[in-house]
Amino acid sequence: MKKPVKLLLAVLALGVLAGAYVLVTSLTGEKTPDDSDGVTTAKQNLTLEGDVEDIAYTYQNETVNLKKKDGGWKKTDDSTFPVQTEAADALASSLKSVSVLREIAPADADKALFGLTDPQLTITAKTADGTAATYRIGIENKTLGGFYAMRDGDETVYLIADTMPPLFMGGLYSIADVDAYPQISSTNVIHVWLKDGDRRMDLAYHKGGLETCYTSAYEWFDETSGTPEPVRSTAVTVLASDITAFDPGVCVAHNPDEATRAAYGLTGGVEMACTLRYLHYSTDETAEPTEETFTLFIGKETEDGVYVTWTGTAMVFLAEKSAVEAIRAHFEEDLAPNDVCAVALADIEAVELTAGGKTVRVERTVKTVESTGEDGQTTSSETAVYTVDGLMTDGSAFESLFEAITSMKIEATADGTPAGQPLLAVRFLRSTAEQNDLTLRLYAYDANFCRAVFADRSDMLVSVRTVESIVKQAESIG
């Protein structure tokens, strides 16, 4: 009894497989066409003679009407819309000759099965002499690389190549002459303003620094609170780059009305605004740069992205959320410099080093040296002259020490006050009008860090190894 049952199951399974094969091949066209089923292979084109001057197409409930005029294309219901000539020409060209892969005779064509009773795309084109052609585009056959289509006046169903239909499926803005995002170099930015809800950021560049700051090495300042505080120039460069190199994504609207802009979150109560003031250099190298202002407006967030626009464009774009979040993240960033003491060597008149109970004084004087070349021309240059406790020295050891001191970075912070005598005290006597007498002190803290005290800060921790090296260098001076 078992063998007949197994045989019956095998026959049933074979029947199921055969039925599945018929269904799949009917949908994909994979079965070998022959004269008996009305399906024939075709190597031909559906042509439209003459120059196409009118195109109307509907895809996903969006209808676009284009008319060619004076060598360009216009959207017939909005002549201000910036149609890209090359993109519209490509649409017209694709309609003049449509490659046919297969034909299905009317008697054998199930229009509903091929998606032609409710086509996903319809296209009508007219030539200069009034000749018109309308295509209905049904489902895609990815296996054979084509779309099922019909042309008005012809009951034959065609499987056409997948080159023409996708050109009409990108939406209106795929053929728009989209505004390019402005090209601004982040190195030319001199002011950055950010507004995000109640949060604000105001960063300004001051060439040569501010007199209220102890060093000319800091040229970027946070002025949000009204009192300028130095910030890292590298951090500002990254922030400016996140704005100047922002990817606006895809265009979704042109010249929207006020209600639509409000829906995008791009009216007076804009979600976020990023404003840059920058130097614009003309092609005339002798001309002074002009100051220009640019603002990136960031609107509401959707599942697909964030709406944005900017000064100088009537378009709205949908940007990636990550691009916006990269800018917002700077509100949470600590922009303060991580230098222990960024004193500039050019401002130094003298430095007093105290280590191990011994103090040495290094004086620095800048002298102008003139020299005459073989051509008789006299040139002048400045050179620094150093003395240690009144004795001349070449200064190389001191400059190396000075570089090591001013290159120290804050590696951690700790509340409290220093204990004991400093391992090293460095007194800077400067030629500046303000804060011309500053002292850095380095104290033992624990096995990993030393505490640095400078200006108004005593919470800075630096590497023990770095301090040990600096102390050795200081003890070797003089």
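The first residue in the sequence is number 1, and the count goes up from there. Keep in mind it's a predicted model, so treat the numbers as computed, not measured.
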Trainee: Does Thr313 use its side chain to pair, donor to acceptor, with the backbone of Trp310 at less than 3.5 Å?
Mentor: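 No.
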Trainee: Is the closest basic N to carboxylate O distance between Asp339 and Lys409 below 4.0 Å?
Mentor: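 Salt bridge flag = yes for Lys409 with Asp339.
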Trainee: Main chain of Thr47, side chain of Ser97: is a donor-acceptor contact present, judged purely on distance under 3.5 Å?
Mentor: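 Not at all, since once roles are kept as given, no pair shorter than 3.5 Å links the two residues.
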Trainee: Examine distances only and state if a side-chain atom of Thr260 and a backbone atom of Pro256 form a donor-acceptor pair shorter than 3.5 Å.
Mentor: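 Between the backbone of Pro256 and the side chain of Thr260 there is no qualifying donor-acceptor contact (under 3.5 Å).
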Trainee: Quick one: do Glu303 and Lys321 make a salt bridge, cutoff under 4.0 Å?
Mentor: no
Trainee: Determine whether a donor-acceptor pair (N or O, by modelled atom type, separation under 3.5 Å) exists between the side chain of Lys96 and the backbone of Glu49.
Mentor: no
Trainee: Using modelled atom types only, decide if a donor and an acceptor are shared between the side chain of Glu62 and the backbone of Leu172 within a distance under 3.5 Å.
Mentor: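 Checking the backbone N and O of Leu172 against the side chain of Glu62, a donor-acceptor pair under 3.5 Å is found.
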Trainee: Do Glu271 and Arg328 sit within salt-bridge range, that is, some charged N less than 4.0 Å from a carboxylate O?
Mentor: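 The answer is no: the pair does not qualify as a salt bridge.
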Trainee: Look at the side chain of Thr215 and the backbone N and O of Ala342, then say whether any donor-acceptor pair between them is shorter than 3.5 Å.
Mentor: yes
Trainee: Would you call the rings of Phe428 and Phe402 parallel, tilted or perpendicular, taking 30° and 60° as the class edges?
Mentor: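 Perpendicular.
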Trainee: Under the side-chain contact (heavy atoms from CB on, under 4.5 Å) rule, what do Tyr307 and Val252 come out as? Steps first, then yes or no, please.
Mentor: CA-CA 9 Å; Tyr307 294 113; Val252 294; 4.0 Å; yes
Trainee: Run the salt-bridge test on Arg200 and Asp202 with the 4.0 Å N-O cut-off and return the result as yes or no.
Mentor: no
Trainee: Assess the residue pair Tyr59 and Phe168 against the criterion (ring-ring contact (aromatic ring centres under 6.0 Å, His included)); give the C-alpha distance rounded to whole Å, side-chain angles, the decisive distance to 0.1 Å, and a yes or no.
Mentor: CA-CA 8 Å; Tyr59 178 69; Phe168 295 84; 9.9 Å; no
Trainee: I want to check something: taking the side chain as every heavy atom from C-beta on, are Thr80 and His254 in contact at a cut-off of under 4.5 Å?
Mentor: yes
Trainee: Looking at Ser469 and Arg465, would you say the former's side chain and the latter's main chain have a donor-acceptor pair under 3.5 Å?
Mentor: no
Trainee: Should the ring pair Trp193 and His191 be called parallel, tilted or perpendicular, given that the plane angle runs from 0 to 90° and is split at 30 and 60?
Mentor: parallel
Trainee: Report the C-alpha separation of Tyr445 and Val462 in whole Å, then their side-chain angles, then the decisive distance to 0.1 Å, and conclude whether the side-chain contact (heavy atoms from CB on, under 4.5 Å) test is met.
Mentor: CA-CA 9 Å; Tyr445 179 73; Val462 295; over 6 Å; no
Trainee: Looking at Arg199 and Asp196, is there a salt bridge between them, counting it only when a charged N and a carboxylate O are closer than 4.0 Å?
Mentor: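 A salt bridge is present here (some side-chain N lies under 4.0 Å from a carboxylate O).
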